[in-house]
There are 2 protein chains.
Amino acid sequence: MNEQLRTIAGLDRVIHEPGRLMIVSYLAGVEECDFLFLMRQTEMSKGNLSSHLSRLEKAGYVEIEKTYRGKVPMTLLRLSPAGEAAFKKYLRDLDSVR
Amino acid sequence: MNEQLRTIAGLDRVIHEPGRLMIVSYLAGVEECDFLFLMRQTEMSKGNLSSHLSRLEKAGYVEIEKTYRGKVPMTLLRLSPAGEAAFKKYLRDLDSVR
DNA sequence: ACCATCAGGTTTGTATGACAAACTAGTTTG
DNA sequence: CAAACTAGTTTGTCATACAAACCTGATGGT
């Protein structure tokens with residue numbers, strides 16, 4: 001049993017998927033941002049971004065706050081403490097890829 | 001358009017998948033190894049390992065040599081030059097995940 | 001001689017998942 | 001009033017990961 005390979009096998013699939021890795025990686029660097037902005041940054045389609053966010057929310061990694069900018073609906077995204085922790089662990093695990 | 005996110009979006013999916021990442025990462029550290037040994041190292045099932053290897057072979061990243069150890073068939077795996085290059089690029093791209 | 005086991009797969013089936021397109025619904029701008 | 005925008009949900013398709021079953025041929029044990 002190879003320790004390095006075991007770490008790779010155990011990589012958090014929720015974060016590992018590039019679409020979600022973009023989201024988590026971006027959110028890790030900011031306080032919060034809104035749906036549309038993130039959609040433009042990542043160049044993902046609405047449906048795709050939406051489903052990835054739902055997945056991250058279900059995992060407890062992202063907090064989704066539906067609010068309004070005036071009367072226009074706006075969705076704010078934030079990395080949760082659990083999300084930060086999971087991302088840090090993910091980055092540590094990535095270090096074993098050499 | 002965010003340069004970091006673009007890099008993440010462009011991660012080589014063939015290598016990115018953990019099963020194949022284990023294979024490539026392991027092969028990058030040795031001259032060659034045989035199927036069974038790799039199967040035990042990675043703890044993957046035969047079918048799964050086989051299909052990942054086929055995928056890597058089709059991408060030109062791994063060379064598969066079917067030979068014999070005495071009269072027992074043995075399959076030798078080796079990372080191709082293209083595979084080495086792709087893995088190096090992948091590792092460089094990974095550095096943009098921070 | 002025969003049965004189990006091993007090497008090294010291929011084939012098949014299932015279940016998940018990524019992603020886009022279409023549809024909702026309310027808001028605002030020309 | 002029509003078009004475009006915000007922020008989704010739903011639906012459908014296609015790819016893929018993975019395991020189980022099947023296969024051939026060789027070897028070991030009894």
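In what follows, every chain begins at residue 1, and chains take the letters A, B, ... in the order their sequences are listed. Nothing here was measured: the structure is a model prediction, and the numbers come from that model.
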Nearest whole angstrom, please: distance from the [atom2] of [N] to the [atom1] of [X].
{"X": "A:L38", "N": "D:dT6", "atom1": "CG", "atom2": "P", "result": "14 Å"}
{"X": "B:L36", "N": "D:dA26", "atom1": "CG", "atom2": "C1'", "result": "15 Å"}
{"X": "A:E17", "N": "D:dA15", "atom1": "CD", "atom2": "P", "result": "16 Å"}
{"X": "A:D12", "N": "C:dG17", "atom1": "CG", "atom2": "P", "result": "12 Å"}
{"X": "A:H16", "N": "C:dA18", "atom1": "NE2", "atom2": "C1'", "result": "14 Å"}

Only counting residues at least two apart or in another chain, list the ones meeting ring-ring contact (aromatic ring centres under 6.0 Å, His included) with B:Y90.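 Here the qualifying residues are B:H16.
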For B:F35, check ring-ring contact (aromatic ring centres under 6.0 Å, His included) against everything at least two apart and list the hits.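 With sequence neighbours excluded, B:F35 shows a ring-ring contact (aromatic ring centres under 6.0 Å, His included) to no residue whatsoever.
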Donor-acceptor under 3.5 Å ([X] side chain, [Y] main chain):
{"X": "A:R20", "Y": "A:V14", "answer": "yes"}
{"X": "B:T75", "Y": "B:D34", "answer": "no"}
{"X": "A:S25", "Y": "A:M22", "answer": "no"}
{"X": "B:S96", "Y": "B:R92", "answer": "no"}

Would you say D:dA17 has OP1 or OP2 under 4.0 Å from some side-chain N or O of B:R20?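 It does, given that an N or O in the side chain of B:R20 lies less than 4.0 Å from OP1 or OP2 of D:dA17.
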Counting just side-chain N and O atoms, does B:R13 come under 4.0 Å of either OP1 or OP2 of C:dG17?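 Answer no for this pair, as no side-chain N or O of B:R13 is under 4.0 Å from OP1 or OP2.
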Which ones in residues 44-74 of chain A lie close to DNA chain C, meaning a heavy atom under 4.0 Å from one of its atoms?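 The stretch gives A:S45, A:G47, A:N48, A:H52, A:R55, A:K71, A:V72 as the residues lying under 4.0 Å from the strand, ordered by number.
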